[in-house]
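For reference, the structure discussed in these notes is given below.
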Amino acid sequence: MTKEEHAGRHLGLLGATGVGVGAIVGGGILALAGAAFAATGPSAVLAFALNGVIALLTALSFAEIASKFPQSGGTYTFAKKVLTIEAAFTVGWVVWFASIVASVLYALGFGQFAAVVVADVWRSFGGEPPAWLTGFWGVTGLAVAATIFYTLMLCWKSSGGGQLANLGKVLVFAVLIAGGLWAMCGRSAPSLGRALTPFFAEGAAGLFQAMGFTFIALQGFDLIAAVGGEVRHPERTIPRAMLGSLGIALLIYIPLLLVIATVGMAPEQSVTEVSRAAPDTLVAAAAEQYLGSFGYWLVLVAAVLSMLSALQANLLAASRVAMTMAGDRTLPRALSKLSSRKTPQTAILLTSLIVMAVVIVLPDVSAAGAAASLIFLITFALAHWIAVLVRQRSVSRPPPFRSPLFPLVPVLGGAACVALAIYQGVAVRSAGVITVVWLAAGGLLFLALFARRARIADASSAALDPEVMQLRGRSPLVLVPVANPATAEGLMEVAAAMAPPEVGRVLVLSVVVAPPNWRPEENPRPLDDAQAVLREAITSTAASGNIPESLTTVAPDPWPEIARVAEAYRCESVLLGLSRLNEDSDATPLDQVMSRVDCDLVVLRAAKGWRIDQARRILVPVGGRGGHELLLARLLASLWRRGTRDVTFLRILPASASAADQRAARQALRRLAVDVWPEQPQFEIVLSDAPGEEVARCAAECDLVVLGVQRVHRRQKVFGKFTLQLAATTSTPLLLLSRRG
C-alpha cells in the first residue's frame with residue numbers, strides 16, 4: 001500500500017462500524033415495522049429474525065471478498081475483479097441505485113417523523129398546524145432539505161457515519177427496550193400469549209411478504225465495503241465492522257419488535273389491526289402505551305436521529321460507488337475527480353440530485369422500501385456468487401478473512417436472496433417495475449456512452465494486475481513462432497509481458513519446413529535447427545521463471561501451419577518476429593494467412609539482440625480510425641508493469657486542418673492516452689502533409705514505436721503502404737498491433 005493510499009484511510013474500527021450502525025440501526029425498523037406487522041401480524045418478529053440469518057450469511061461473504069479487495073465501491077469493485085466489464089457495470093449500476101433508493105426511503109422517513117414532531121410542537125403552543133405540513137409538500141420539503149444538508153456536509157468533509165447520532169439513537173433504543181421488558185414483567189403469561197395470537201395473521205404468504213418489505217432494515221453492513229478504500233487495516237477492520245454493526249442491529253430489533261407486539265398494545269388491541277390503521281406511527285404509539293408521552297417523544301427523537309444517520313451513510317456509500325465506477329469509465333469520468341478537500345463533490349451532487357428527484361416522484365415509504373429491498377437482495381445474491389468465484393480462483397493470494405462452512409454459507413445465502421427477490425418482484429409489482437426500468441436505462445446508457453472507453457480502461461487495468469485474469473477464469477495463450485534463435489530472447493520477453501507467467505501461457509512453435517520427399521534419417525538438419533530454436537527460447541526465459549510450452553510440427557510451408565496451430569489451440573494472440581519489414585520484403589504470405597486468423601496479431605520488427613527493457617521511450621502514432629485500442633491498452637499496461645517508461649501519443653493532421661478539427665483531435669487523443677496508459681501520458685498534435693516522414697522523424701528519437709494496423713476483414717492486407725514505408729525509413733524497433741478479425 002502506497003503512502004497516498006494509507007493517508008486516505010481515516011476510518012478505524014469505530015468509524016467503520018459507525019458507517020454500518022448509522023445505515024442499519026433505527027431507520028429501517030421505524031419506517032417499516034408497521035408495514036411488517038400489517039402484512040404478517042406478530043410473526044413480524046420471526047420475519048426480522050429470518051432476515052437476520054440471511055443478512056448474517058451475506059455479511060460473511062461480503063467480509064471475505066472485502067478483505068481481499070479493500071477498495072471503495074463495494075459489490076461493484078468485487079464484480080469488476082471477477083466478471084466482465086459489462087457485468088460489472090450492471091452490478092455497479094444496481095448497487096448505486098440501491099443506495100439511492102435507500103436514501104430516498106430514509107429521507108422520506110425523516111420527512112414524515114419530522115412533520116409529526118413539528119405538528120405536535122405546534123399543537124403544544126395551542127395552535128393547529130396547517131394541513132400541508134403533514135401532507136405531500138411538507139414531508140417532501142423536509143426530505144429534500146435533509147438531503148441538501150447532508151450533501152453540503154459530505155462535500156465539505158467525509159464522515160464515518162455520525163458517531164454522536166449513532167450513540168444517541170442506540171441509547172434511546174436501549175431505554176425503549178428496557179422499559180418494554182420491565183412492562184412485560186407486569187403482564188401475565190396468558191396475556192402475553194394472547195397478544196401474539198394469531199402469530200401468523202396471513203400465513204406463510206404474509207411472512208414472506210413481510211420479509212421482502214423489511215429486508216432493507218438490515219442493509220447497511222455492505223456500505224462498509226462501499227467505503228473500504230477509506231478504512232485503516234481493512235483486512236481486519238472491515239470483517240469486524242460488518243459483523244459488529246449487524247450484531248448491534250439484531251440485538252436491538254428483535255427485542256424491540258417483541259415489546260411492540262406485546263406490551264405496546266392495549267389488552268383489547270391487536271398489533272395487526274393497529275399497524276394496518278396507522279403503520280407509520282406504530283412504534284411511537286406502542287412506546288406511548290407502556291412509557292406514556294415520554295416514550296412517544298423518545299421514539300420520535302430516535303426516528304429523526306436514525307433517519308438522518310441512515311440517509312448520511314447511504315449518500316456517502318452511493319457517491320463512492322459512483323466515484324469508483326467513473327474511475328473505470330463506466331460513468332462520466334468527472335464523477336471520479338476529488339475536490340481540494342479530498343471529497344468526490346461531483347459524484348455527491350449527482351447522487352443527491354437523483355435522490356431528490358426520486359423523493360418528489362415517489363413520495364411513498366412502502367414503495368421505496370419494497371424497491372430498495374428487492375434491489376439489495378439482487379446485489380447480495382451476486383455478492384454470494386462472487387464470493388464463490390473469488391475463493392475458487394484465488395490460488396496465489398487467498399482472502400485474509402475466510403467465511404466458515406464454505407461453500408455452504410454463500411450457497412445458502414445466495415439461494416435465500418434469490419428466492420426472496422423473486423417473491424418480492426412478483427408480490428410487489430411496483431418494485432419489480434422500478435428495477436427493470438432502471439436496468440434498462442443503465443444498459444442503454446452504457447452501450448451508447450460508456451462501453452468503448454470502459455472496455456479500454458478495463459483491458460488496461462486487467463493487464464496491470466495479472467491476478468484479475470486469474471479471477472476472471474482467463475488464461476491467455478500467446479503463440480510465438482520462432483525460426484531464428486537470435487531473435488528468440490526478444491520475442492519471449494514481449495510474450496511474457498503479454499501473458500504473465502502466473503496466469504498466462506506461452507506456446508513456442510517451431511515449424512520444420514520439410515522439403516519434397518524428405519527423409520529425416522538422411523537429412524536431420526531441419527530437425528536439428530528446430531530443436532536449436534526451441535532450446536534457445538526456453539533457455540532465454542528460464543531465468544525469469546516463465547518457462548514456455550513448446551511444439552514442433554512438420555509442414556511444407558510455415559505460414560499456413562502457424563495459422564492452423566493458432567486456430568487449433570484457440571490462441572488469444574500470435575506474436576511474430578521479423579528481421580526486416582519493408583516494401584521489398586515478402587509480407588504477402590503473412591497477409592494472406594494471418595488475415596484469416598481470429599486472434600490478435602502482434603509483429604515485432606527489431607534487430608538481433610534487442611530486448612524490451614531497452615525500450616524506455618515509446619512512441620504511439622494514432623491514425624484516428626481506432627479498432628486496436630483494447631490490444632494497445634493490454635500491451636502498454638503490460639510494458640508499464642515491467643518498468644517505468646515515457647510514452648508519447650502522436651496524431652498527424654493535414655496542414656490545412658481547422659482549429660476545430662485540431663481541438664477535437666487533441667481531445668480524442670487525450671482521452672485515448674489517459675485510458676490506455678497508467679501514468680500521466682504525453683500527447684502531441686502535429687500538422688503535416690507528409691505523415692510518414694513526420695512519424696519517422698519522431699521515431700528516430702524513441703526506442704520503440706507501437707503502431708496499430710487495421711484488419712477490418714479477412715481479405716484485407718495486414719500491412720498497408722504507410723506501415724511498410726515507416727518500416728523502411730526507420731531503424732527504430734516496431735511493434736505492430738492488429739486486432740482479431
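Throughout, residue positions are numbered sequentially from 1 according to the sequence presented.
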Taking C-beta and beyond as the side chain, do [X] and [Y] meet within less than 4.5 Å on heavy atoms?
| X | Y | value |
| --- | --- | --- |
| Pro399 | Ile65 | no |
| Arg320 | Ile348 | yes |
| Tyr76 | Trp93 | no |
| Val175 | Phe294 | yes |
| Lys68 | Lys81 | no |
| Phe173 | Val25 | yes |
| Leu246 | Leu218 | yes |
| Leu300 | Val304 | no |

Has [X] got a side-chain atom pairing as donor or acceptor with [Y]'s backbone, closer than 3.5 angstrom?
| X | Y | answer |
| --- | --- | --- |
| Ser67 | Phe401 | yes |
| Ser275 | Thr272 | yes |
| Tyr253 | Ala217 | yes |
| Thr262 | Ala195 | no |
| Glu288 | Ala285 | no |
| Ser99 | Trp96 | no |
| Thr40 | Phe37 | no |
| Ser191 | Arg187 | no |
| Thr324 | Ser72 | yes |

Separation of [Y] [atom2] from [X] [atom1] (nearest 0.5 Å):
| X | Y | atom1 | atom2 | value |
| --- | --- | --- | --- | --- |
| Gln312 | Thr151 | CD | OG1 | 10.5 Å |
| Gln219 | Thr214 | CD | OG1 | 13.0 Å |
| Leu181 | Leu258 | CG | CG | 8.0 Å |
| Leu311 | Ser103 | CG | OG | 5.5 Å |
| Ile386 | Thr75 | CD1 | OG1 | 6.5 Å |
| Leu108 | Ile360 | CG | CD1 | 10.5 Å |

Sequence neighbours excluded, which residues qualify as salt bridge (charged side-chain N to carboxylate O under 4.0 Å, His left out) partners of Arg240?
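Applying salt bridge (charged side-chain N to carboxylate O under 4.0 Å, His left out) to Arg240 gives none.
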Please identify which of these residues, Thr140, Ile354, Leu105, meets the side chain to side chain contact (heavy atoms under 4.5 Å, CB included) condition with Val359.
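One option only clears the test, and that one is Thr140.
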Check each of Leu257, Ile260, Val283 against Ile29 using the side chain to side chain contact (heavy atoms under 4.5 Å, CB included) test, and report the only one that passes.
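That would be Leu257; it is the only one of Leu257, Ile260, Val283 passing the side chain to side chain contact (heavy atoms under 4.5 Å, CB included) with Ile29.
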Compare every heavy atom of [Y] with every heavy atom of [X], then report the nearest pair and how far apart it is.
| X | Y | value |
| --- | --- | --- |
| Ala421 | Leu374 | O-CD1, 3.2 Å |
| Met211 | Asn51 | O-ND2, 3.1 Å |
| Gly111 | Leu142 | O-CD1, 3.6 Å |
| Leu420 | Gly212 | CD1-N, 4.1 Å |
| Gly179 | Leu291 | CA-CD2, 4.1 Å |
| Ser61 | Val409 | OG-CG1, 4.3 Å |

Take atom [atom1] in [X]; do more than 12 heavy atoms of anything else shown fall under 6.0 Å from it?
| X | atom1 | answer |
| --- | --- | --- |
| Glu273 | CD | no |
| Tyr290 | OH | yes |
| Trp438 | CH2 | yes |

Cation over ring face, Arg391 and Phe406, 6.0 Å, 45°:
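Yes.
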Would Val227 and Leu316 count as a side-chain contact (heavy atoms from CB on, under 4.5 Å) here? Give the steps.
CA-CA 8 Å; Val227 297; Leu316 174 68; 3.9 Å; yes
Which side-chain N or O atoms in residues 52-60 pair as donor and acceptor under 3.5 Å with protein atoms at least two apart or in another chain?
residue : atom : partner : partner atom : Å
Thr58   : OG1  : Ile54   : O            : 2.8
Thr58   : OG1  : His384  : NE2          : 3.0

Please determine if Arg402 and Glu235 form a salt bridge, counting it only when a charged side-chain N lies under 4.0 Å from a carboxylate O.
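No, Arg402 and Glu235 are not salt-bridged.
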Test side-chain contact (heavy atoms from CB on, under 4.5 Å) on Asn314 and Tyr106 and set out the steps.
CA-CA 9 Å; Asn314 278 279; Tyr106 296 124; 3.5 Å; yes
Result block: side-chain N/O donor-acceptor pairs under 3.5 angstrom for residues 120-134, not counting sequence neighbours:
residue : atom : partner : partner atom : Å
Asp120  : OD1  : Arg123  : NH1          : 3.0
Asp120  : OD2  : Tyr296  : OH           : 2.6
Ser124  : OG   : Val121  : O            : 2.5

Classify the ring geometry of Phe62 against Phe221: parallel below 30°, tilted from 30° to 60°, perpendicular beyond 60°.
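Rings of Phe62 and Phe221: perpendicular, as their planes differ by over 60°.
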Looking just at side-chain N and O atoms, do Glu64 and Ser403 make a donor-acceptor pair shorter than 3.5 Å?
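There is such a pair between these side chains.
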Decide yes or no on side-chain contact (heavy atoms from CB on, under 4.5 Å) for Met265 and Val274, but give the supporting numbers first.
CA-CA 8 Å; Met265 300 294 108; Val274 173; 3.8 Å; yes
Let me see the working for Ser352 and Ile148 under side-chain contact (heavy atoms from CB on, under 4.5 Å), right down to the final yes or no.
CA-CA 7 Å; Ser352 299; Ile148 292 174; over 6 Å; no
Test ring-ring contact (aromatic ring centres under 6.0 Å, His included) applied to Phe215 and Phe208, Phe380, Phe376, Tyr423, the passing residue
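Among Phe208, Phe380, Phe376, Tyr423, the one meeting ring-ring contact (aromatic ring centres under 6.0 Å, His included) with Phe215 is Phe380.
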